[in-house]
Protein chains: 2
Amino acid sequence: MNAASSPEEAVRIASVNVNGIRAAYKRGMQQWLDGRGVDILCLQEVRAPDAVVRSLLGENWHIHHAEAEAKGRAGVLIASRQEPVAVRTGIGDSYFDTAGRWVEMDLEIRGSALTVVSAYVHSGEVGTQKQDDKYRFLDALGERLAALRDGAGHAVVLGDLNVGHTQRDIRNWKGNVKKAGFLPEERAYFDRFLSDGSGFVDVARSLAGDVDGPYTWWSWRGQAFDNDTGWRIDYQLATQDLAARAVSADVDRAPSWDTRFSDHAPLVVDYRI
Amino acid sequence: MNAASSPEEAVRIASVNVNGIRAAYKRGMQQWLDGRGVDILCLQEVRAPDAVVRSLLGENWHIHHAEAEAKGRAGVLIASRQEPVAVRTGIGDSYFDTAGRWVEMDLEIRGSALTVVSAYVHSGEVGTQKQDDKYRFLDALGERLAALRDGAGHAVVLGDLNVGHTQRDIRNWKGNVKKAGFLPEERAYFDRFLSDGSGFVDVARSLAGDVDGPYTWWSWRGQAFDNDTGWRIDYQLATQDLAARAVSADVDRAPSWDTRFSDHAPLVVDYRI
DNA sequence: CATGGTAAG
DNA sequence: CTTATCATG
């Protein structure tokens, strides 16, 4: 784990799929947060009513939270130490307006405009409506990326995007080419999202280089965590100028199975703004 | 807790609402059973598939188990160390044939015929269908008691009958006169079941005498267990001759909250047959 | 293998 | 406050 506060002139942004914030807090998420000096905390799969979320996170945040219509499902939020300029809910396709999968926050950081998006893409399941919904959501995500790229300020779209982009992003890629999360059609979306000219950079991959992982999700089942049989499906996709200002990207993999507070690990990036 | 095996020439019959046999085993039911020398074990609210039940109880029982049609609900069984002469499922009213609330086992104990019934009466809820079902089940129970009384051998109808008979059977009877489990109409059934001429005796009451309790159920909530705010709703109703042969009736109240394996305590009776 | 909601107790 | 099931991940 890194220093307890972000470096001078840097903003620390963390993305975590908490898989139920109540369970995560029971398992020690607060201790992680206390030691991490996060400026902007972005969560996915919050799975709790707003009042519960606010009482868990405490008073010292400006929270923008979008619950799903279905109780106990999905839910995304952005919690900022600094007051936001604006907040929005919804990816632009009204079909997803009550899905609890997309929130945006505009901030002004030392004179620079920054838009942060916390996103939770569908898990999907081949041959079901869920997979259709996932593609439709990814379509909308592509459109929103283009609009953000064409905007004035910095932007970072982060969260659980539920797709492994390349063979380096999944431990057992050969066994998963027909599974939701590593389908060729899903991966092609990410080829487009991250192509030259897309205006966006996969910050963790850019800083880690051409290596396997680092993974951000491991099944609870079996020995997946202990064997590091994981998937890199949590991302921070930053506009080019912002990505160039990223000085570190860390996956806070827990030291052991029983110290995990979620099946996902936090992805923490420091941006020098 | 009593001696580890039943006295010579006595048969030890235990009744327990386990509130889910899997949870009960996790909480240490096996240790209770190991130390108790039970000859005939009668369970209610088993709430598990037959294969799971048999693997938990092990090989050394003759088990007659009636699951409910609805998975994870109700379920009663009788497990005997000795091979039964016959087994039956169902109280006689076919409406309850798949309810998982009534099983019978005929045994021959040193030349005497003994019928054991494990019963799980509905909890009921005032003003709902559940209360109607409870009364209908109690009607059938009354008819079956009469038939057993008129039969040749000994009989004991035991289990979670979900009614407190008298003011001595509920800690807070005044607060519960309008609650299912202590309604005048429900209590009147027990007046009839246990009247002179009914042929049946409430063994635990008969041996305990005119005292408060001993209770057999305490809500999981609050301090009900620690304060002994309980209900006596688990019974062994024995035919007169058999009841006269009961030498002890013990409620195995756990020493502390966290050593309970169910919200009900076992009711263990030794019959000198 | 975990999450939360649910019906039931 | 606990049980098991359920849909979801």
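Proteins come first, then strands; the chains are lettered A, B, ... in the order of their sequence lines, and each starts at number 1. Everything numeric in this text was worked out from a predicted model, so none of it was measured.
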Could you tell me if [Y] and [X] have a donor-acceptor pair between their side chains, going purely by distance under 3.5 Å?
X        : Y        : value
B/Glu104 : B/Trp102 : yes
A/Asp139 : A/Tyr189 : yes
B/Gln223 : B/Thr229 : no

Nucleotide nearest A/Trp220 when distance is taken to its side chain, options D/dG9, C/dG9, D/dA4: D/dG9

Which nucleotide in D/dC1, C/dG4, D/dG9 has an atom nearest any side-chain atom of A/Ala23: C/dG4

Touch class at under 4.0 angstrom, heavy-atom based, for A/Glu45 against every strand present: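 Result for A/Glu45 = sugar-phosphate.
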
Sugar-phosphate only, base, or nothing, as touched by A/Trp257 at under 4.0 Å among non-hydrogen atoms: sugar-phosphate

Distance check needed: [N] [atom2] versus [X] [atom1], whole Å only.
X        : N     : atom1 : atom2 : result
A/Tyr120 : C/dT3 : OH    : C1'   : 10 Å
A/Lys71  : D/dA7 : NZ    : P     : 18 Å
A/Asn19  : C/dC1 : CG    : C1'   : 10 Å
B/Trp217 : D/dT2 : CH2   : C1'   : 11 Å
B/Gln44  : D/dT2 : CD    : P     : 22 Å
B/Ile233 : C/dG9 : CD1   : P     : 12 Å
A/Ile21  : D/dG9 : CD1   : P     : 19 Å
A/Arg260 : C/dT3 : CZ    : P     : 11 Å

Report yes if at least one side-chain N or O of [X] is closer than 4.0 Å to OP1 or OP2 of [N]; otherwise report no.
X        : N     : result
A/Lys130 : D/dA7 : no
A/Arg22  : C/dG5 : yes
B/Arg27  : D/dT3 : yes

Under the ring pair (Phe, Tyr, Trp, His ring centres under 6.0 Å) test, residues paired with A/Trp220 that sit two or more places apart: A/Trp257

Residue closer to the 5' end of DNA chain C, A/Ala48 versus A/Gln223 (nearest nucleotide): A/Gln223

Donor-acceptor pair (no angle test) under 3.5 Å: B/Arg73 side chain, C/dG9 base: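 Counting by modelled atom types and ignoring angles, no donor-acceptor contact under 3.5 Å is found here.
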
Donor-acceptor pair present, A/Arg47 side chain and C/dG5 base, under 3.5 Å: no

Identified side-chain contact (heavy atoms from CB on, under 4.5 Å) counterpart of B/His65 within the set B/Val103, B/Leu77, B/Leu57, B/Leu43: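 That would be B/Leu77; it is the only one of B/Val103, B/Leu77, B/Leu57, B/Leu43 passing the side-chain contact (heavy atoms from CB on, under 4.5 Å) with B/His65.
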
A/Tyr95 ring center near A/Phe137 ring center (under 6.0 Å):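 Centroid distance A/Tyr95-A/Phe137: not below 6.0 Å, so no.
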
Ring centroid separation B/Phe96 to B/His122 under 6.0 Å: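 Distance test on ring centres: under 6.0 Å, yes.
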
Residues in contact with DNA chain D, drawn from residues 160-170 of chain A - heavy-atom cutoff 4.0 Å: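 Contacting residues: none.
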
Sequence neighbours left out, cut at 3.5 Å: what donor-acceptor pairs do the side chains of residues 176-184 of chain B make with other protein atoms?
{"unit_1": "B/Asn176", "atom_1": "ND2", "unit_2": "B/Asn172", "atom_2": "O", "d": "2.9"}

